[in-house]
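Quick notes on the structure that follows.
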Number of protein chains: 2
Amino acid sequence: MDFIKTTTERFQSAGLKITPQRLAVFKLFDGNKTHPTAEDIFSALTRDYPHISFTTVYNILKSMVQLGSLRELTIDRERIHYDPDTSSHHHAMCTSCGKIIDVMFQLPLPKIPKDLFEQFTVDFCHINFYGTCRSCQQKGK
Amino acid sequence: MDFIKTTTERFQSAGLKITPQRLAVFKLFDGNKTHPTAEDIFSALTRDYPHISFTTVYNILKSMVQLGSLRELTIDRERIHYDPDTSSHHHAMCTSCGKIIDVMFQLPLPKIPKDLFEQFTVDFCHINFYGTCRSCQQKGK
DNA sequence: TTTTTAATTTGTAGTCATTCCAATTTAAAA
DNA sequence: TTTTAAATTGGAATGACTACAAATTAAAAA
């Protein structure tokens with residue numbers, strides 16, 4: 001399914017307007033696997049919208065998260081990264097350059113300790129891998 | 001091994017002094033499974049050290065992390081939680097009350113997708129579970 | 001097409017966790 | 001006991017994110 005179309009429909013169903021700024025953000029996220037931050041989105045928008053406000057960017061991101069078009073990643077303590085792929089998958093972050101890549105796999109349920117479910121109703125689970133990416137390893141000789 | 005003793009030795013080996021404030025922080029973390037924040041530690045210290053500074057708390061926490069006596073958790077986007085158990089284990093956070101509990105298990109290496117290791121040298125992996133704890137479920141009827 | 005109206009954008013100011021810095025105090029070596 | 005390098009303190013700064021009020025605008029209604 002097309003990300004822009006789906007997201008547009010979600011906004012309309014929620015009674016939200018399709019503004020040029022919103023559409024521009026939808027386009028920036030379409031097929032985007034770089035896990036951008038609010039700052040990244042803001043910078044990309046300043047080309048076409050020199051007067052764009054940080055508040056606008058944060059508002060749009062918040063709406064997209066609420067409507068299920070974006071997922072917030074907790075992998076980076078410094079800032080929130082956003083992922084337009086809301087399907088169940090995980091991430092690896094390079095501790096040298098900060099790059100985040102997708103890790104497409106499913107934690108097998110039987111592997112999760114049973115006593116967790118006795119104390120807790122688990123809604124979802126995020127696995128964060130930390131290490132060094134190839135290009136940083138080569139740079140570091 | 002005793003946490004206070006080990007941590008004290010690490011500080012001394014690194015040429016760092018054992019101040020009353022530092023020892024008090026070591027004691028607060030000894031056997032502590034509540035995953036406190038800097039604020040929690042600060043509050044606990046104000047009883048005995050009414051003039052304790054946030055900078056001191058943060059300095060001590062940073063040294064303890066560097067010396068391997070504490071692990072920083074990335075499970076909560078709002079603030080850093082600290083765990084004196086630096087062994088490989090994972091966490092579950094209640095999205096209602098914020099409580100964090102330990103999840104003692106090891107992700108079986110063969111379960112991790114091979115292509116990750118082709119792009120990445122993995123140093124460590126943190127699994128974060130999110131959901132609702134028993135007491136919050138009961139409160140919420 | 002024009003009008004209307006509620007929603008959106010914008011800029012500024014505020015919040016909150018965390019860090020920086022310089023002056024004072026202190027652990028612990030001599 | 002003296003000395004000194006290191007630690008503590010308080011206040012100010014940083015940086016991501018949020019709140020708010022005024023100006024603008026999407027899009028429904030006329």
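Residue numbering restarts at 1 for every chain, and letters A, B, ... go by the order of the sequence lines. Computed from a predicted structure; not experimentally measured.
When rounded to the nearest whole Å, the span between CG of B:L45 and P of D:dA7 equals 17 Å. Look at CG on B:L23: it is 15 Å from P on D:dA7, rounded to the nearest Å. For the pair A:H81 NE2 and D:dC17 P, the interatomic distance rounds to 9 Å; values are reported in whole Å. Protein atom CZ of B:R79 is 12 Å distant from nucleotide atom C1' of C:dT15, rounded to whole Å. B:F11 has its CZ atom 13 Å from the C1' atom of D:dA6, to the nearest Å. Rounded to whole angstrom, the span from the NZ atom of B:K62 across to the P atom of D:dA7 amounts to 13 Å. Here the C1' atom of nucleotide C:dC16 and the CZ atom of A:R77 are 16 Å apart, to the nearest Å. Here D:dT18 presents its P atom at 15 Å from CD of A:E39, a figure rounded to the nearest Å.
In this structure, the side chain of A:D76 engages the main chain of A:E78 through a donor-acceptor pair within 3.5 Å. Not a single donor-acceptor pair under 3.5 Å links the side chain of B:T56 to the backbone N or O of B:I52. For A:T6 (side chain) and A:D2 (main-chain N/O), a donor-acceptor pair under 3.5 Å exists by modelled atom type. Side chain of B:T95 to backbone of B:G131: a donor-acceptor contact under 3.5 angstrom is found.
A donor atom on one side chain and an acceptor atom on the other are not found under 3.5 Å apart for B:H90 and B:N128. Under the 3.5 Å distance criterion, with hydrogens and angles disregarded, no donor-acceptor pair is assigned to the side chains of B:H35 and B:D40.
Here the closest non-hydrogen pair linking B:S69 and B:T86 is C-CG2, 3.9 Å.
Nearer to the 5' terminus of DNA chain C, by closest-nucleotide assignment, is the contact made by A:N59 (compared with the other of B:F54 and A:N59).
The C1' atoms of five pairs define one axis at each end of the helix from C:dT1-D:dA30 to C:dA30-D:dT1, and these two axes lie 30° apart (to 10°).
Phosphate proximity of C:dT8 to A:R22: present, with a side-chain N or O under 4.0 Å from OP1 or OP2. Close to D:dC17, at under 4.0 Å from its OP1 or OP2, lies a side-chain N or O of A:Y58. An OP1 or OP2 oxygen of C:dG11 is reached within less than 4.0 angstrom by a side-chain nitrogen or oxygen of A:H51.
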Given the rule in the salt bridge (Lys or Arg N to Asp or Glu O under 4.0 Å) test, do B:E39 and B:R79 qualify, once you have shown the distances and angles that lead to the verdict? CA-CA 9 Å; B:E39 167 87 48; B:R79 64 203 102 247; over 6 Å; no
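Checked options B:I101, B:D102, B:I127, B:V103; the residue passing with B:H91 is B:D102 (criterion: side-chain contact (heavy atoms from CB on, under 4.5 Å)).
For a distance-only test at 3.5 Å, the side chain of A:T55 qualifies as a donor-acceptor partner of the base of D:dA19.
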Give me, pair by pair, the N or O atoms of the protein and of nucleotides 23-25 of chain C that are less than 3.5 Å apart, along with how far apart they are.
none

Close N or O pairs between protein and nucleotides 26-30 of chain D (under 3.5 Å):
residue : atom : partner : partner atom : Å
D:dA26  : N3   : A:K17   : NZ           : 3.1
D:dA27  : OP1  : A:I18   : N            : 2.7

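Ring pair A:H51/A:Y49: centre-to-centre distance not below 6.0 Å.
Using a 30° and 60° split on the angle between ring planes, A:F29 and A:Y82 fall in the perpendicular class, above 60°. Ring geometry for B:F54 versus B:F42: interplanar angle under 30°, hence parallel rather than tilted (30 to 60°).
Here the nucleotide nearest the side chain of A:S53, chosen from C:dA17, C:dT10, D:dT9, is C:dT10.
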